[in-house]
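Once you've had a glance at the structure underneath, I'll fire off some questions.
Convention: sequence-line order gives letters A, B, ...; per-chain numbering from 1. None of the values given here were measured: they were computed from a predicted structure.
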There are 2 protein chains.
Amino acid sequence: MGVTKTQNFKEEQNKVAVYARVIAHPARVAILQYLLKQKTCICGDLVDVLPLAQATVSQHLKELKAVGLIKGTVEGTSVCYCIDKHKWEEVRDVFFNLFANPVECQDKCC
Amino acid sequence: MGVTKTQNFKEEQNKVAVYARVIAHPARVAILQYLLKQKTCICGDLVDVLPLAQATVSQHLKELKAVGLIKGTVEGTSVCYCIDKHKWEEVRDVFFNLFANPVECQDKCC
DNA sequence: AACATTAATCGCAATTTTACGATTAAGCAA
DNA sequence: TTGCTTAATCGTAAAATTGCGATTAATGTT
């Protein structure tokens, strides 16, 4: 139990789920928004911005990295993070594609 | 812990997270896609379509209902589900708004 | 009333997620 | 080298999620 039966669903459904999952936490949304706001790379002042401990922030960054939404390059003692433009647009398109479907139910119950 | 520190984040960040969370499972994505595909209301044949037990499907439906993305009306012994058009568009807009941000990092590290 | 059908809920187990202190690793500075 | 700074990783605890069998509730059928 507690295991999502991934293999029983279509690849696209799993893709949506994986991408949704990674932004399904306010801290990760905050990280993405912060990186978007900064037009330039920022070098790890995320810990100061977020209301979380350093270890926790690092863990969230790891998840965003795992999906490929952000990348980090070592810059001296600190690490410079930024959004991967290509992946960002891919994730965007996956959501756009899902929500492109119009809701058209004509029954009396809706 | 295991507790998301919701109160420490901005309302919009939590909103994105909540909406993302509800579609962060392939079964719920499948449910939404199925309801979108059916132009009319369907009356609970979701259990036949999904590779999950009735109790599990019911639980996923409950979560989608809790967020307001779907509604169910009792129709005899079965229940007729459909997507809430208004909420669907609100959720869509929340994602559109997030991904409307362009990625513009000019640093050498990106 | 007795029975059948359908979906929600309960109770439980396994797994995953979130969070953080402590430690480690890597690079820079004196 | 020694010390400092920064970020990743480890270990652990608490909570949430996923899944399902069993039960319950509601409605329709005979």
Side-chain angles (χ1 to χ4, degrees), chain A residues 1-9 13-14 16-31 34-35 41-67 70-82 109, chain B residues 1-9 13-14 16-31 34-35 41-67 70-82 109:
Chain A
M1 324 293 155
V3 195
T4 300
K5 297 182 135 192
T6 307
Q7 69 283 6
N8 294 323
F9 293 96
Q13 291 162 346
N14 284 310
V16 173
V18 167
Y19 289 164
R21 208 207 121 277
V22 85
I23 60 171
H25 193 290
R28 294 193 289 270
V29 174
I31 290 172
Y34 188 76
L35 292 178
C41 283
I42 55 104
C43 291
D45 36 24
L46 278 163
V47 177
D48 306 324
V49 178
L50 298 172
L52 296 168
Q54 183 265 321
T56 311
V57 173
S58 197
Q59 206 172 340
H60 284 303
L61 288 168
K62 191 180 179 181
E63 287 182 71
L64 287 165
K65 255 188 289 182
V67 170
I70 66 171
K71 17 175 209 182
T73 37
V74 178
E75 198 116 317
T77 46
S78 57
V79 177
C80 173
Y81 287 105
C82 58
C109 70
Chain B
M1 319 293 163
V3 195
T4 299
K5 298 182 134 190
T6 307
Q7 68 284 7
N8 295 322
F9 293 96
Q13 291 162 347
N14 284 312
V16 173
V18 167
Y19 288 165
R21 209 206 121 277
V22 86
I23 62 170
H25 192 290
R28 293 193 289 269
V29 174
I31 290 172
Y34 189 76
L35 292 178
C41 284
I42 56 102
C43 292
D45 35 23
L46 278 164
V47 177
D48 306 323
V49 179
L50 298 173
L52 297 167
Q54 184 264 321
T56 311
V57 173
S58 197
Q59 207 173 339
H60 284 302
L61 288 168
K62 191 181 180 182
E63 287 181 72
L64 286 165
K65 254 187 290 182
V67 169
I70 66 171
K71 17 176 207 182
T73 35
V74 178
E75 197 114 321
T77 46
S78 56
V79 178
C80 174
Y81 287 106
C82 57
C109 71

Task: Interatomic distance where NZ belongs to B:K71 and P belongs to C:dA8 [whole Å] - done: 16 Å
Open item on the list: Are the side chains of B:I70 and B:K65 in contact, using a 4.5 Å heavy-atom criterion?
Closed with: yes
TODO: Measure the distance from CD on A:Q7 to P on D:dT18 and round it to the nearest whole Å.
DONE: 15 Å
Open item on the list: Using whole Å, what does the distance between atom P of nucleotide D:dT5 and atom CG of A:D45 come to?
Closed with: 17 Å
TODO: Please tell me if the side chains of B:S58 and B:K62 come closer than 4.5 Å, counting only heavy atoms from C-beta onward.
DONE: no
- [ ] Please state whether the phosphate of D:dA7, meaning OP1 or OP2, lies under 4.0 angstrom from any side-chain nitrogen or oxygen of A:K62.
- [x] no
TODO: Report the nucleotide, chosen from C:dC20, D:dG19, D:dA8, that has the shortest atom-to-atom distance to any side-chain atom of A:Q59.
DONE: C:dC20
Open item on the list: Determine whether a donor-acceptor pair (N or O, by modelled atom type, separation under 3.5 Å) exists between the side chain of A:N14 and the backbone of A:T6.
Closed with: yes
TODO: Look at the rings of B:F9 and A:H25 and say which category their plane angle falls in: under 30° parallel, 30 to 60° tilted, over 60° perpendicular.
DONE: perpendicular
Task: Heavy-atom check, side chain of A:T73 versus side chain of A:V79, under 4.5 Å - done: no
TODO: Return no unless some side-chain N or O of A:R21 is found under 4.0 Å from OP1 or OP2 of D:dT17.
DONE: no
- [ ] Specify the separation, in whole Å, of atom CD1 of B:I23 and atom P of D:dT17.
- [x] 16 Å
Task: Candidates D:dT18, D:dG19, C:dA19 - which lies nearest the side chain of B:L52 - done: D:dG19
Task: Contact nearer the 5' end of DNA chain C, comparing A:T4 with B:F9 - done: A:T4
- [ ] Name the closest nucleotide to the B:H25 side chain, picking from C:dA7, D:dT18, D:dA7.
- [x] D:dT18
Task: Note, B:P26 side chain near A:T4 side chain (heavy atom, < 4.5 Å) - done: yes
Open item on the list: Under 4.0 Å from OP1 or OP2 of D:dT17: is there any side-chain N or O of B:H60 that close?
Closed with: no
Task: A:S58 side-chain proximity, nearest of C:dT15, C:dT18, D:dT9 - done: D:dT9
Open item on the list: Assuming nearest nucleotide by heavy-atom distance, tell me which of A:R28 and B:L61 is located more 5' along DNA chain C.
Closed with: B:L61
Open item on the list: Could you tell me if the side chain of B:Y34 sits less than 4.5 Å from the side chain of B:D45, heavy atoms only?
Closed with: yes
Task: Residue pair B:R28 / B:L61, side-chain heavy-atom distance below 4.5 Å - done: no
Task: Given D:dT18, C:dT18, C:dC20, the nucleotide with the shortest approach to the side chain of A:T56 - done: C:dC20
Task: Per A:Y81 side chain, nearest of listed nucleotides C:dA8, D:dA8, C:dA19 - done: D:dA8
Task: Nearest-angstrom distance from the residue atom CG of B:N8 to P of C:dT18 - done: 15 Å
- [ ] Using whole Å, report how far NZ of A:K5 lies from P of C:dT16.
- [x] 14 Å
Task: Candidates D:dA15, D:dT18, D:dT6 - which lies nearest the side chain of A:S78 - done: D:dT6
- [ ] Determine the contact category for A:A53: base if any of its heavy atoms lies under 4.0 Å from a base atom, sugar-phosphate if only primed atoms, P, OP1 or OP2 are that close, otherwise nothing.
- [x] sugar-phosphate
Task: Atom pair distance, as rounded to whole Å: CG in B:L64 and P in C:dA7 - done: 16 Å
Distances under 3.5 Å only, N/O to N/O: pair up the protein atoms with those of nucleotides 23-30 of chain C.
none

